[in-house]
Amino acid sequence: MTDALTEVFAYHEATKHHLHRYAPGPGGLDWATQPDPFRRYAGASLLKLGHILPGDHPLFEPVFVEGHLPSQPLDRTSISRLFYDSLALSAWKEIGSVRWPLRVNPSSGNLHPTEGYLVCGPIVSLCEQPMVCHYAPKEHALERRAEFSFETWTALTSNLPAGSVLIGLTSIYWREVWKYGERAFRYCQHDAGHAIAAVTLAAAGLGWKATVLDDLSTDMLTNLLGLFDSNGAEQEQPECLLAVYPQGVTSAGLTLPDDVIAAFRTVRWHGTPNQLSPGHVDWPIIDQVTAATRKPLTRQIYGAQTPIGNPLEVGSAPISFSKMVHQRRSCLALDGHTGIPRTAFYQILQKTIPGPGQFPFNALPWPPAIHCGLFIHRVQDVDPGLYFLVRDPSRLETLKNHMKKEFVWEKPAGCPDGLELYRLLTGDARELARQIACHQEIAADGCFSLGMIAEFEEPIRRYGAWFYPRLFWEAGAIGQVLYLEAEAYGIRGTGIGCFFDDPMHMVLGLTDRRFQDLYHFTIGGPVEDKRLTTLPAYPVTNEVEKEL
């Protein structure tokens, strides 16, 4: 076993929560060093984007399946919508003299370690020169960090469809480490997955498609995004790059030339990153797992992927996609009595299956590796109990062989064809769900909760230690779909990062590293905190009216 694999497996074990102790963390919050939630690059020019208020179109359902929406032209308006519906602010909350922002993309603890970047050629009404920009969500604007030649852009995108742009995602681990200590690396990767799904779905709403270019190395992403500043604990770590391009064109063999990216080291970069905290605490294990998961250059390592499951039926409910993404919230408490019809429950689960042309999972180039163990509490005409969703049917027998022998593996009544959902045990699972989720009532008070179970050791060994974060990305993408589905059905969800890892494995009968629990989620009727005042994300101006 390589040193990198040893580091990754050691990190994962060391950061598990246990019934008798939690993973190492700060023990308390040092408010004097709370990180600034907004990174800015002093000295970089600012390109304002349009504030396009959520309208009635596109409808929610067609966004999730390729081929149902016309591709919008690439211009300032469409780029504004891409960021507005994925990484922008969604509201401000206020209580007394305290005020804080919420965003379209979810984040653990609302700490938002994820930063976004645009790499593009000339765009109508936005820029005349190819450029690399950092997205500033507070201003809903692009900070122009570098410009480069047309020839470089042509060479860079020679293997991409016409009309492509590139979206880069990075993480500032310190923002999560400040609150969560050693477990923060996990949460940053969840958030990267949330952001991948948010960008992919926002692109789909424009009739575009996004694909993670996962052959690129960490060093290549560092060069392309200009992440050369050494900021110690506040260093931005490159996570991934997505190619965004019109739907309906071939996406086979998407890649970027490594020699062209290497030339970005000689580009003139503008702007100095702001300091986020006046002081920091070192957590060596974060540096170790970061180093262990640095990715080398690979080419077509996954092979062609075959879609799983049946095509998703596209409904025509008059629900606005943009309104759903902007009203999405992480619920803080659930009411303990709201239920949902089983048809809605099955539809929510079907959206998490990587079917043909289905967003956001068609953005991920690797085979699906996440399944879901469910605690069902209040789904009409479905018995309460412990269930399991197999997201890749070819893994059913393997899962059966590694889980408890007394499980019945029966499909519930009315379960549609192509949805591999199985009842394992019948009974009241509320207390079990609560205990597993670090004794949080929210896991028991909803319609259902779930744990995302990864095929863990084998794919990490097959691809390398760098694949470890990608398991969390896939889990985060599932979480983003669950967030939006809950909103569409008039209820609410939230991700749960605090759970007891090995006790969840014990519930399912999993005894080794072959499968590991990575993320939990709950959905139900929200309890609103009436003490809070909700304020608009951005001031309403004449520009908003003009963009409409």
Side-chain angles (χ1 to χ4, degrees), residues 1-30 107-109 111 113 171-193 218 232-233 235 237 239 280-295 369-370 373 435-440 451-476 495-508 510-520:
M1 188 160 55
T2 67
D3 290 344
L5 286 174
T6 300
E7 289 284 0
V8 160
F9 293 141
Y11 170 81
H12 192 74
E13 288 297 321
T15 55
K16 287 181 175 180
H17 287 324
H18 298 275
L19 292 170
H20 61 280
R21 67 163 178 84
Y22 288 87
L29 297 181
D30 180 8
S107 172
S108 305
L111 295 170
S171 294
I172 303 175
Y173 297 152
W174 166 246
R175 285 207 183 110
E176 294 282 340
V177 169
W178 169 79
K179 181 176 181 180
Y180 295 115
E182 291 189 355
R183 204 168 164 97
F185 182 83
R186 296 179 176 218
Y187 300 160
C188 289
Q189 305 309 327
H190 286 152
D191 286 357
T218 300
Q235 174 73 33
Q237 301 293 339
E239 300 293 0
H280 309 89
V281 176
D282 290 331
W283 294 87
I285 197 171
I286 299 294
D287 297 331
Q288 292 161 12
V289 72
T290 300
T293 53
R294 290 184 66 84
K295 186 183 179 297
I370 304 291
Q435 289 180 352
I436 292 295
C438 298
H439 309 290
Q440 297 176 83
M452 300 184 198
I453 309 300
E455 302 200 36
F456 187 79
E457 184 167 15
E458 193 279 330
I460 293 175
R461 288 187 180 276
R462 184 195 323 158
Y463 300 123
W466 55 267
F467 193 76
Y468 177 60
R470 283 145 182 84
L471 295 173
F472 291 95
W473 298 356
E474 186 176 339
I496 300 175
C498 186
F499 56 87
F500 297 122
D501 303 56
D502 287 340
M504 181 64 179
H505 301 149
M506 292 174 62
V507 167
L508 297 173
L510 303 172
T511 58
D512 56 28
R513 282 200 305 241
R514 187 180 188 109
F515 297 96
Q516 292 286 289
D517 188 10
L518 297 189
Y519 192 22
H520 279 232

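We count residues from 1, following the sequence as given.
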Pairwise side-chain contact, [X] with [Y], heavy-atom cut-off 4.5 Å (strictly under):
{"X": "Ser107", "Y": "Glu176", "answer": "yes"}
{"X": "Arg186", "Y": "Phe472", "answer": "yes"}
{"X": "Ile453", "Y": "Gln516", "answer": "no"}
{"X": "Trp466", "Y": "Arg294", "answer": "no"}

Which atom pairs, donor and acceptor, lie under 3.5 Å between side-chain atoms of residues 280-291 and protein residues at least two apart or in another chain?
residue: His280; atom: NE2; partner: Glu234; partner atom: OE2; Å: 2.7
residue: Thr290; atom: OG1; partner: Ile286; partner atom: O; Å: 2.7

With a 6.0 Å cut-off on ring centres, are Tyr180 and Tyr187 close enough? yes
Using the benzene-type ring in the case of Trp, are the ring centres of Phe500 and Tyr22 under 6.0 Å apart?
yes
Salt bridge (charged side-chain N to carboxylate O under 4.0 Å, His left out) filter on Lys179, not counting sequence neighbours, yields none
Tell me, with the steps shown, if Gln189 and Phe185 meet side chain to side chain contact (heavy atoms under 4.5 Å, CB included).
CA-CA 6 Å; Gln189 305 309 327; Phe185 182 83; 3.4 Å; yes
- Query: Using a distance-only test with no angle check, is there a side-chain donor-acceptor pair under 3.5 angstrom linking Glu239 and Ser171?
  - Reply: yes
Practice item. For the pair Asp517 and Lys16, find out whether any cationic side-chain nitrogen is under 4.0 Å from an anionic carboxylate oxygen. Key: no
Using the side chain to side chain contact (heavy atoms under 4.5 Å, CB included) rule, take Tyr519 and Ile370 through it: C-alpha gap first, then chi angles, then the decisive distance, then the call.
-> CA-CA 10 Å; Tyr519 192 22; Ile370 304 291; over 6 Å; no
Dump the intermediate steps for side chain to side chain contact (heavy atoms under 4.5 Å, CB included) on Glu474 and Leu518, then the final yes or no.
CA-CA 10 Å; Glu474 186 176 339; Leu518 297 189; over 6 Å; no
